[in-house]
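Below: one structure, written as structure tokens.
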Amino acid sequence: MKFLLVFDFDHTIIDENSDTWIVKCAPEKKLPNELRNSYRPGHWTEYMGRVFVYLGDNGVKEDEMKRTMTTIPFTAGMADLLGFIGEHKELFDCIIVSDSNTVFIDWILKAADFRAVFDEVFTNPAAFSSTGCLTIQNFHAHHCAKCPKNLCKRKVLKEFLDKQLERGVSYTQIVYIGDGGNDLCPVMFLRKDDIAMPRQGYTLEKKISQLAQDLSPVECSVLVWSSATEIMSYLKLLIKE
């Protein structure tokens, strides 16, 4: 008996968006209008690349960025939940699928000593260049019309499950914990024994509700959460069964 926990990162594990939080490092803690207005829907990663160039050009160094990022608060109850999962790793495989980047997620998880809770992190690769500028790349290419061009979370989840099956690992249940519009695609891939946990009041919950109203509900069970202690209560029930 093994369960797979799939976490989004921004507004799910942490209570903010890591990409917008980094703007605290910018001069006067804001971006110039022409940079802000350069974002095109579905092309967030390219936009963040321009933000990082701007920060680099303004002398923002790696250590300042790291200090800023590690002040992001975790979502209510999340530290307890991750501690609980860490104590029961024999029952839970745990992955992150996020539109953030490897540098931000590593900094934040390592600072809080939670990196070991997660078996794998799937997110946009980032690294500091020789000039000290943070650079970012798209996670992969895909053909899903519903998702931003750099990341289809359904594709990530499906490929992970296929790889696990090849290793002889299958899961009793998948628990998907997220908040955003880009979490709907993987949730629609879940089966009836699985469970989606959308964060209350966020886009994913609204989109799942809309599907139910349109009489095309998702196949899996849905449990809404506002504090991660509610997720922990569910997991405790799960491992008792």
Side-chain angles (χ1 to χ4, degrees), residues 3-14 16-20 39-48 75 92-102 104-105 118-126 136-165 169-225 228 231 234:
F3 302 98
L4 176 65
L5 309 179
V6 185
F7 281 87
D8 176 41
F9 190 70
D10 294 319
H11 291 300
T12 295
I13 290 177
I14 55 170
E16 294 285 343
N17 181 324
S18 53
D19 282 342
T20 51
Y39 167 65
R40 290 186 303 131
H43 295 263
W44 182 259
T45 313
E46 289 95 326
Y47 167 72
M48 285 311 299
T75 308
F92 297 115
D93 280 353
C94 200
I95 64 172
I96 290 173
V97 189
S98 165
D99 208 355
S100 180
N101 68 70
T102 50
F104 287 178
I105 292 178
F118 297 95
D119 300 287
E120 294 203 51
V121 176
F122 300 96
T123 187
N124 303 299
I136 186 168
Q137 295 169 292
N138 287 348
F139 178 73
H140 61 188
H142 63 82
H143 301 294
C144 176
K146 296 189 187 79
C147 289
K149 84 178 198 64
N150 62 300
L151 179 65
C152 170
K153 295 187 176 190
R154 178 200 295 241
K155 182 176 175 172
V156 174
L157 179 56
K158 188 175 180 314
E159 287 175 358
F160 175 79
L161 291 170
D162 289 347
K163 199 169 86 185
Q164 290 297 86
L165 266 180
V169 180
S170 63
Y171 297 102
T172 309
Q173 186 181 67
I174 300 169
V175 181
Y176 191 102
I177 302 150
D179 70 279
N182 65 352
D183 292 312
L184 186 64
C185 192
V187 162
M188 291 179 79
F189 168 73
L190 300 178
R191 306 155 316 213
K192 68 177 194 311
D193 294 336
D194 300 328
I195 186 156
M197 293 195 164
R199 188 175 179 187
Q200 188 168 18
Y202 284 72
T203 308
L204 179 61
E205 186 209 0
K206 291 170 185 165
K207 290 200 167 194
I208 289 173
S209 306
Q210 189 58 54
L211 283 172
Q213 284 167 26
D214 297 342
L215 304 179
S216 55
V218 296
E219 198 182 330
C220 63
S221 305
V222 178
L223 185 62
V224 178
W225 63 279
I231 302 168
Y234 174 76

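Side chains included, hydrogens not; waters and symmetry mates left out as well; all remaining heavy atoms used. Counting from 1, the numbers follow the sequence of the chain as shown. Fair warning: this is a prediction, and the values are worked out from it, not measured in the lab.
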State which residues pass side-chain hydrogen bond (donor to acceptor under 3.5 Å, both in side chains) with [X]; sequence neighbours excluded, sorted by chain then number.
| X | answer |
| --- | --- |
| Arg40 | none |
| Thr45 | Asn150 |
| Asp119 | Lys89 |
| Ser100 | Ser18 |

Item to check | Side-chain heavy-atom pair Val121, Phe9 within 4.5 angstrom cut-off | outcome: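 With C-beta onward as the side chain, the pair stays apart.
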
Checklist entry - Asn182: what forms a side chain to side chain contact (heavy atoms under 4.5 Å, CB included) with it, not counting sequence neighbours? => result Asp99, Pro148, Lys153

Mind listing the closest non-hydrogen atom pair of [X] and [Y] along with its distance?
| X | Y | result |
| --- | --- | --- |
| Val218 | Met188 | CG1-CG, 4.2 Å |
| Arg199 | Val224 | C-CG1, 4.5 Å |
| Leu204 | Gly180 | CB-O, 3.5 Å |
| Ala196 | Val187 | CB-CG1, 3.8 Å |
| Phe160 | Ile95 | CZ-CG2, 3.8 Å |
| Trp225 | Thr12 | CH2-O, 3.7 Å |

Hey, can you pull the donor-acceptor pairs under 3.5 Å for the side chains in residues 207-215, sequence neighbours left out?
| residue | atom | partner | partner atom | Å |
| --- | --- | --- | --- | --- |
| Ser209 | OG | Glu205 | O | 2.9 |
| Gln210 | NE2 | Asp214 | OD1 | 3.0 |

Item to check | Set of ring-ring contact (aromatic ring centres under 6.0 Å, His included) partners for Tyr39, sequence neighbours left out | outcome: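 For Tyr39, the residues satisfying ring-ring contact (aromatic ring centres under 6.0 Å, His included) (neighbours in sequence not counted) are Trp44, Tyr47.
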
Item to check | ring-ring contact (aromatic ring centres under 6.0 Å, His included) against His140, all qualifying residues, sequence neighbours excluded | outcome: His142

Between [X] (side chain) and [Y] (backbone), is there a donor-acceptor pair under 3.5 Å?
| X | Y | answer |
| --- | --- | --- |
| Thr123 | Ser98 | yes |
| Asp194 | Ile174 | yes |
| Thr102 | Ala126 | yes |

Using salt bridge (Lys or Arg N to Asp or Glu O under 4.0 Å) as the criterion, list what pairs up with [X], not counting sequence neighbours.
| X | result |
| --- | --- |
| Glu159 | Lys155 |
| Asp179 | none |
| Glu46 | Lys149 |

Mind checking the [atom1]-[atom2] spacing from [X] to [Y]? Nearest 0.5 Å is all I need.
| X | Y | atom1 | atom2 | answer |
| --- | --- | --- | --- | --- |
| Asp10 | Ile96 | CG | CD1 | 10.0 Å |
| Asp93 | Leu161 | CG | CG | 10.5 Å |
| Asn101 | Asp19 | CG | CG | 6.5 Å |
| Phe7 | Ile105 | CZ | CD1 | 12.5 Å |
| Leu4 | Gln164 | CG | CD | 8.0 Å |
| Lys192 | Cys220 | NZ | SG | 12.0 Å |

Next on the checklist: Enumerate the ring pair (Phe, Tyr, Trp, His ring centres under 6.0 Å) contacts for residues 171-199, please, sequence neighbours excluded, ordered by first and then second residue.
Outcome noted: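 Checked against ring pair (Phe, Tyr, Trp, His ring centres under 6.0 Å) - neighbours excluded - no pair reaches residues 171-199.
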
Checklist entry - What do the steps show when you test Asp8 against Tyr202 for side chain to side chain contact (heavy atoms under 4.5 Å, CB included), and what is the final call? => result CA-CA 13 Å; Asp8 176 41; Tyr202 284 72; over 6 Å; no

Next on the checklist: Between Leu184 and Lys146, does the side chain to side chain contact (heavy atoms under 4.5 Å, CB included) criterion hold? Intermediate values first, please.
Outcome noted: CA-CA 9 Å; Leu184 186 64; Lys146 296 189 187 79; over 6 Å; no

